[in-house]
Number of protein chains: 2
Amino acid sequence: MSAIEFRDHDHAACMRSTMQAAEAQCTARGLRLTPVRRRALEILLAEHRALGAYDLLAHLSAEGLGTQPPVAYRALDFLVKAGLAHKIEALNAYVGCVQPGADHAPAFLICRGCRSVAEAETTPSQSRLGDAARAAGFRIERSVVEAEGLCPACQKDDI
Amino acid sequence: MSAIEFRDHDHAACMRSTMQAAEAQCTARGLRLTPVRRRALEILLAEHRALGAYDLLAHLSAEGLGTQPPVAYRALDFLVKAGLAHKIEALNAYVGCVQPGADHAPAFLICRGCRSVAEAETTPSQSRLGDAARAAGFRIERSVVEAEGLCPACQKDDI
DNA sequence: TCAGTCATGTTATATCATATCAATACGAAA
DNA sequence: TTTCGTATTGATATGATATAACATGACTGA
């Protein structure tokens, strides 16, 4: 686990390779990465931050790619289902996935200062929650693991 | 960990003891469990299910305890801050806490069939997410751990 | 080319949540 | 016990998030 999101890195290269991986995924699985969807993903990936659906819509709208909420929600729905983006439940916002294709159960570190989001891997089945689920006879289908706090940069500013 | 929420139990006694514990908490900490707040908590605890703020408002309203959204949100805000209720982020809904006072970082098992919610204990600092946070220099302040799936009863109905 | 499916455009509305300000109730200190 | 400050409630309005529904257009394969 690296949390590259909180660190300086060659973000242009980071975006390029992520977009390539996303395209490869779509091709391999017969999914159509249409202009709106592609642009939506680029916008989400532009920064490692969570964007609200209406923030995304504002970007798309400024580029003439649609003006009504369903435009944004459809694009997000596609990206989330395809595993190319994730919803951050604690913020009702969305973030581009930096490991598209990895069939993962991601966990997130969310900075309340700058709204940056880092993606980590978890294995819910091995967690204590997994133990609890087994003990209760509960069948887990989806898990949400999100930690809010301060990233290294924001810790310097805030106290 | 017991997940009593998914099992048959003496729910009347369960509610009584939880309410008593909640009162004790409030007394000990100088918090005011006013009629609206108390009733809101009772309504949340009536079933081990997540209730939307407007669902709660409908109940309160039917009892003449307020008709406008802020009534429900204020009561929920109080209960959540006091640790007497929890917000289920994945549902934008609220559930009464069955262990009031325990200064806990709860995790939830959420049934998508009947919307029942069971509360489990986790220790985020010991999880792999905690490892990731430490490695990244991220300071966790709050964590959201929610697993959606099917409870034992609903597994029988739904495949 | 035609049918079927997927995607988009558009309007309307549902659902979740908070800002604001006025009025009232409560508790502590004088 | 009066007074002051704070917490709570009442009420109106609005903001923020999300989806239903239906029409139109585009691509795909028989």
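Order of the sequence lines fixes the chain letters, A, B, ..., with proteins taken first and strands second; residue numbering starts at 1 for each chain.
- By the 4.5 Å heavy-atom criterion applied to side chains, B/Asn92 and A/Asn92 are counted as neighbours.
- Under the side chain to side chain contact (heavy atoms under 4.5 Å, CB included) criterion, A/Arg32 pairs with A/Thr34, A/Arg37, sequence neighbours left out.
- Residues A/Val145 and B/Val144 are members of separate hydrophobic clusters, defined by side-chain heavy-atom contacts under 4.5 angstrom among Ile, Leu, Val, Met, Phe, Trp and Tyr.
- Side chain of B/His86 to backbone of B/Phe108: no donor-acceptor contact under 3.5 angstrom is found.
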**OP:** Would you check, one step at a time, whether the test side-chain contact (heavy atoms from CB on, under 4.5 Å) holds for B/Glu146 with A/Ser143?
**Re:** CA-CA 6 Å; B/Glu146 299 171 357; A/Ser143 67; over 6 Å; no
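- Residues meeting the salt bridge (charged side-chain N to carboxylate O under 4.0 Å, His left out) test with B/Glu23, sequence neighbours left out: B/Arg38.
- At a non-hydrogen distance threshold of 4.0 Å, B/Gln68, B/Pro70, B/Arg74 from residues 64-81 of chain B come into contact with DNA chain D.
- Axis angle between the ends of the helix from C/dT1-D/dA30 to C/dA30-D/dT1, five pairs each and rounded to 10 degrees, works out to 30°.
- Side-chain atoms of B/Ile110 and B/Leu91, non-hydrogen and from C-beta on, do get closer than 4.5 Å to each other.
- In terms of the side chain to side chain contact (heavy atoms under 4.5 Å, CB included) criterion, residue partners of A/Glu47 (sequence neighbours excluded) are, by chain and number, A/Arg49.
- A 4.0 Å heavy-atom criterion places the boundary nucleotides of DNA chain C facing chain A at C/dC6 to C/dT11, written 5' to 3'.
- In terms of the side chain to side chain contact (heavy atoms under 4.5 Å, CB included) criterion, residue partners of B/Glu63 (sequence neighbours excluded) are, by chain and number, B/Arg39, B/Ile43, B/Leu65.
- At least one side-chain heavy atom of A/Glu148 sits less than 4.5 Å from a side-chain heavy atom of B/Arg142.
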Give the table of side-chain donor-acceptor pairs shorter than 3.5 Å for residues 70-84 of chain A, with sequence neighbours excluded, one pair per line with atom names and distance.
residue : atom : partner : partner atom : Å
A/Asp77 : OD2  : A/Lys81 : NZ           : 3.2

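- The only option from A/Arg7, A/Glu5, A/Glu119, A/His9 that meets the side-chain hydrogen bond (donor to acceptor under 3.5 Å, both in side chains) definition with A/His48 turns out to be A/His9.
- Within residues 26-48 of chain A, the residues approaching DNA chain D are A/Arg32, by heavy-atom distance under 4.0 Å.
- Annotation: side chain to side chain contact (heavy atoms under 4.5 Å, CB included) contacts of B/Ala13 (sequence neighbours excluded): B/Asp10, B/Arg16.
- Using cut-offs of 30° and 60° on the angle between ring planes, the pair A/Phe138 and B/Phe6 is parallel.
- For DNA chain D, the span of nucleotides reached by chain B at under 4.0 Å from its heavy atoms goes, 5' to 3', from D/dA7 to D/dT12.
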Donor-acceptor list for residues 50-59 of chain B side chains, cut-off 3.5 Å, not counting sequence neighbours:
residue : atom : partner : partner atom : Å
B/Asp55 : OD2  : B/Gly52 : N            : 3.0
B/His59 : ND1  : B/Asp55 : O            : 3.1

